[in-house]
Amino acid sequence: MLMRTQDTDEQVALEACEFWLSVADNAVGQQALAPHLAQLVPLLVERMRYSAMDVMLLRAEDEEDELKPDKQEDIRPRFHKAKTHSLDHDHVTGPAGDHTEDGDTDEDDDDEEMTEWNLRKCSAAGLDVLSNVFHENLLPVLLPYLKQVLGSPDWVLKESGILALGAIAEGCSEGMAAHLPDLVPFLLGCLQDSKPLVRSITCWTLSRYSSWIVLEDPNKYFKPFLAELLRRILDKNKKVQEAACSAFATLEEESGTLLVPHLEIIVKSLVLAFRKYQSKNLLILYDAIGTLAEAVGHELNRPEYVQLLMDPLITKWSTLSDDDKSTFPLLECLSSVATAMSTGFMPYVEPVFSRCINLIDRSIQGQLNYNTQPEIYENPDRDCLIVALDLISGLSEGVGSHVEPLVLRSNLMVTVAHCIRDPVPEVRQSAFALIGDLARAAFSAERPYLTDFIQNMALNMNPEHVSVCNNATWALGEVALKLGQDTRQFIPLVLDPLVCLMNRTGTQQTLLENTGEVSISYCFA
C-alpha cells in the first residue's frame with residue numbers, strides 16, 4: 001500500500017491514501033501502522049504538494065486579482081447557525097456559533113477552487129488523523145523531513161511543509177510548543193512570500209497555532225502576527241485576502257479582549273477591506289467583523305468605531321435586495337455588532353428592525369403559499385427567517401428597552417407565535433431565543449402572549465433537539481424572572497416537562513444545569 005500511495009496514477013494514489021485514513025480509525029490498525037510511520041509520514045507530506053498540473057491550473061491564482069469581479073458560481077452558499085442561549089448569573093448572553101466556515105477547522109480550504117476531494121487534501125487529512133492518534137510520537141519522524149522542505153527554495157515544497165505544520169497543530173499541540181518559538185517567526189516571514197499560495201496557506205497554519213500565540217510574549221508573537229495579518233487582509237490577491245480574513249476570525253476568538261488596545265488599526269483595516277473586496281470575500285469580511293464584535297463587546301461602542309464600521313455596513317445593507325443571498329451573512333454580522341455597540345447602535349435600530357419585520361412577514365407568507373399551493377410556489381429558504389429573528393434578538397440585547405416601542409407598534413409577537421410552531425427546529429430555536437431576549441427588553445409587549453408561549457416552551461422541552469430545548473428552557477427562566485409571583489399560574493404547564501428533563505439519563509450537562517435553575521425559579525415563585 002505504501003507503493004500504491006506513490007503511484008503516478010493520481011486516482012490509484014488517492015484510493016491508497018484513503019486506506020490510511022481507514023486503518024488509523026481503529027485500535028488494531030493503529031498498532032499495525034506504528035512500525036511504518038517513518039515511511040508513511042514523509043510520503044504523506046510529499047503527496048501534499050501541488051502537482052505540475054495543479055500549478056498550471058492555479059496559475060491564475062499567482063496574480064494581483066483584487067479588481068477582478070467574482071463569478072457567481074465561485075461564491076459558495078453559506079448556512080446560518082441559529083442562535084443559542086444559556087443561563088448565567090450575570091445575565092450576559094449572546095449568540096454562540098461557529099466561525100469556522102472558511103478555513104479554521106480543516107485543511108481543505110487552501111485550494112477550494114480545485115476539486116472537492118483530491119490527493120493533496122486526502123494526504124493532509126491523513127497526517128491530521130495520524131497526529132491525533134500518535135501525538136508527540138509523530139514528531140521525531142516528521143520534523144526532520146519538514147526541516148528540509150521548509151528550507152527549500154522551491155515554493156511548492158515549502159508550501160506543502162507549511163500545510164503539514166497546520167495539519168498537525170491540534171494532534172501534536174503539546175510537542176510542538178517547544179518548536180513554536182522558532183517556527184512562528186519563520187511563518188510570519190512566509191506571510192510576505194512572493195507567492196500568493198504560500199502567503200494564503202501560511203495564514204491558515206498560523207491561525208491553527210493562535211491559542212499558543214495569544215499566551216506567549218505579545219511583543220514577540222501576538223503583535224507581529226496581528227500586524228502582518230491585517231496587511232494580508234489588504235493583500236492584492238483575493239485568495240490571500242480570504243485566507244487572512246478567516247485566520248483573523250480565528251485569532252479574534254482566541255485573543256478576545258487582547259484586541260482592545262489595537263481596535264483603531266483593526267477597524268480601519270476592515271473598513272479599507274470593504275472598499276477592496278469583491279462579493280465572495282465580503283461574506284468572509286462580515287464574519288470577521290461579527291467575530292470582532294463578539295470578542296471585544298462594548299469596547300466597540302465608541303463614536304469613532306461606530307461611525308467607521310456602520311457607514312459601509314449600512315450602505316451595503318441599503319443596496320442589497322431581500323432576495324440577495326449576501327443579505328443573510330450581513331444580517332448575522334449586524335446582529336453581533338448591534339449587541340456589542342449597545343446604545344451606539346441607536347441611530348440604526350428603527351430601519352434595521354423594520355426590515356427584519358418585513359423579512360419575517362415575507363418568509364412566513366412564502367411558507368403559507370407553499371403549504372397551500374406547492375405546485376405553484378417553491379418552498380422558501382428558512383435562513384432568511386432565522387437570521388431576521390436573530391438580528392432582532394441582537395437589537396434587543398444591544399439597546400435594551402429602547403426596542404420596546406418598535407415591538408409594540410409591530411406584529412412581531414404574532415409572527416413569533418407562528419415561528420414557535422414551525423416544523424423546522426432552527427426556526428423554533430431562534431424564536432425561543434427572541435422570547436427570552438424580549439422578556440428583558442420588551443416584556444409589556446410579550447405579556448399578553450405568555451400563556452401560548454409557555455405552552456409551546458413546555459412542548460419543546462424535548463432533548464431530541466438539544467438547542468431548541470435549551471433555548472425554550474432559557475426563555476422560560478427569563479419569563480419567570482419578570483413574572484415573579486405571577487409565575488405560579490404556569491407551574492402546572494411546565495412542572496412535568498422540567499421533572500422529566502432532570503430525571504432523563506444522558507441529558508447534556510448545560511441543559512441539565514439550565515433546567516435546574518429554571519425549576520428553582522418556578523418552585524420558589
Side-chain angles (χ1 to χ4, degrees), residues 83 91-97 99 226 229-230 233-234 245 248-249 251-253 255-277 281-320 326-357 359 387-388 390-407 437 440-442:
K83 186 173 186 175
H91 294 95
V92 179
T93 56
H99 298 279
L226 176 62
L229 207 49
L230 292 176
I233 283 174
L234 300 175
C245 226
F248 182 58
L251 181 64
E252 288 171 321
E253 291 177 327
S255 53
T257 54
L258 284 176
L259 297 169
V260 172
H262 312 282
L263 267 179
E264 183 177 357
I265 184 62
I266 290 171
V267 170
K268 287 182 177 178
S269 297
L270 296 179
V271 170
L272 281 174
F274 252 107
R275 301 173 188 167
K276 293 169 68 77
Y277 282 12
N281 286 349
L282 273 178
L283 304 184
I284 303 166
L285 181 61
Y286 297 149
D287 182 63
I289 292 172
T291 309
L292 176 67
E294 293 169 12
V296 302
H298 294 329
E299 295 289 341
L300 210 56
N301 186 16
R302 297 185 184 181
E304 61 272 29
Y305 301 152
V306 172
Q307 183 173 357
L308 277 170
L309 278 175
M310 291 308 300
D311 282 354
L313 285 172
I314 291 298
T315 299
K316 180 59 69 172
W317 160 272
S318 64
T319 60
L320 293 175
S326 301
T327 302
F328 305 150
L330 178 55
L331 287 169
E332 288 182 285
C333 172
L334 284 172
S335 178
S336 299
V337 168
T339 303
M341 287 183 176
S342 186
T343 53
F345 200 83
M346 280 297 298
Y348 314 98
V349 170
E350 187 165 357
V352 171
F353 181 89
S354 297
R355 187 164 184 185
C356 285
I357 294 296
L359 287 168
V387 174
D390 288 350
L391 180 46
I392 295 179
S393 280
L395 293 176
S396 302
E397 287 188 80
V399 302
S401 60
H402 294 291
V403 80
E404 190 166 35
L406 298 175
V407 177
D437 285 323
R440 298 176 178 181

- Message: With heavy-atom distances below 4.5 Å as the criterion, would you say the side chains of T327 and L330 are in contact?
- Response: no
Heavy atoms of G256 and V296 approach each other most closely as O-CG1, 4.1 Å
Between P347 and P351 the two heavy atoms that sit nearest each other are O-CD, 4.3 Å
Interatomic distance, CG@L395 vs CD@E397, rounded to 0.5 Å, equals 10.0 Å
How far apart are the C-alpha atoms of L406 and V349, what are their side-chain angles, what is the distance that settles it, and do they pass the side chain to side chain contact (heavy atoms under 4.5 Å, CB included) test?
CA-CA 9 Å; L406 298 175; V349 170; 3.5 Å; yes
Practice task
With the side chain counted from C-beta on, respond yes when L331 and V352 share a heavy-atom pair under 4.5 Å apart, and no when they do not.
Solution key: no
For residues 300-313, the salt bridge (Lys or Arg N to Asp or Glu O under 4.0 Å) pairs (sequence neighbours left out) are E299-R302
Query raised in the report: With a 4.5 Å heavy-atom cut-off, do L391 and R355 have their side chains touching?
Result: no
- Query: Is the shortest heavy-atom distance from the side chain of Y348 to the side chain of V306 under 4.5 Å?
  - Reply: yes
message = As a quick check of understanding, evaluate side chain to side chain contact (heavy atoms under 4.5 Å, CB included) for S326 and L282, giving each step before the final call.
response = CA-CA 9 Å; S326 301; L282 273 178; over 6 Å; no
Beyond-backbone contact of I289 with F274, side-chain heavy atoms, under 4.5 angstrom: yes
In terms of heavy-atom contacts, M341 and L300 come closest through CG-O, 4.2 Å
When rounded to the nearest 0.5 Å, the distance separating SG of C356 from CD1 of I392 is 5.0 Å
In this structure, CZ of F328 is separated from CG of L320 (nearest 0.5 Å) by 10.5 Å
Could you pull out all donor-acceptor pairs under 3.5 Å where a side-chain atom in residues 261-272 meets a protein atom, sequence neighbours excluded?
residue, atom, partner, partner atom, Å
E264, OE2, K268, NZ, 2.9
S269, OG, I265, O, 2.8

What one should report as the nearest heavy-atom pair of A441 and S396 is CB-O, 3.9 Å
CG of L334 to OG1 of T339, rounded to nearest 0.5 Å, is 10.5 Å
For L230 and L226, what are the C-alpha separation, side-chain angles and deciding distance, and is it a side chain to side chain contact (heavy atoms under 4.5 Å, CB included)? CA-CA 6 Å; L230 292 176; L226 176 62; 4.2 Å; yes
Between A249 and A288 the two heavy atoms that sit nearest each other are CB-CA, 4.4 Å
CG of L234 to CG of L229, rounded to nearest 0.5 Å, is 10.5 Å
One should read off an interatomic distance between F248 CZ and L285 CG, to the nearest 0.5 angstrom, of 10.0 Å
Minimal heavy-atom distance between V387 and E332, with the atoms involved, is CG1-N, 3.9 Å
- For the residue pair T291 and S336, establish whether any side-chain heavy-atom pair is separated by less than 4.5 Å. no
Are V337 and Y305 close enough, and set up right, to give a side chain to side chain contact (heavy atoms under 4.5 Å, CB included), and what steps lead you there? CA-CA 11 Å; V337 168; Y305 301 152; over 6 Å; no
Non-hydrogen side-chain atoms of F345 and M310 separated by less than 4.5 Å: yes
Fill in: Min side-chain heavy-atom separation N281-C245 under 4.5 Å
no
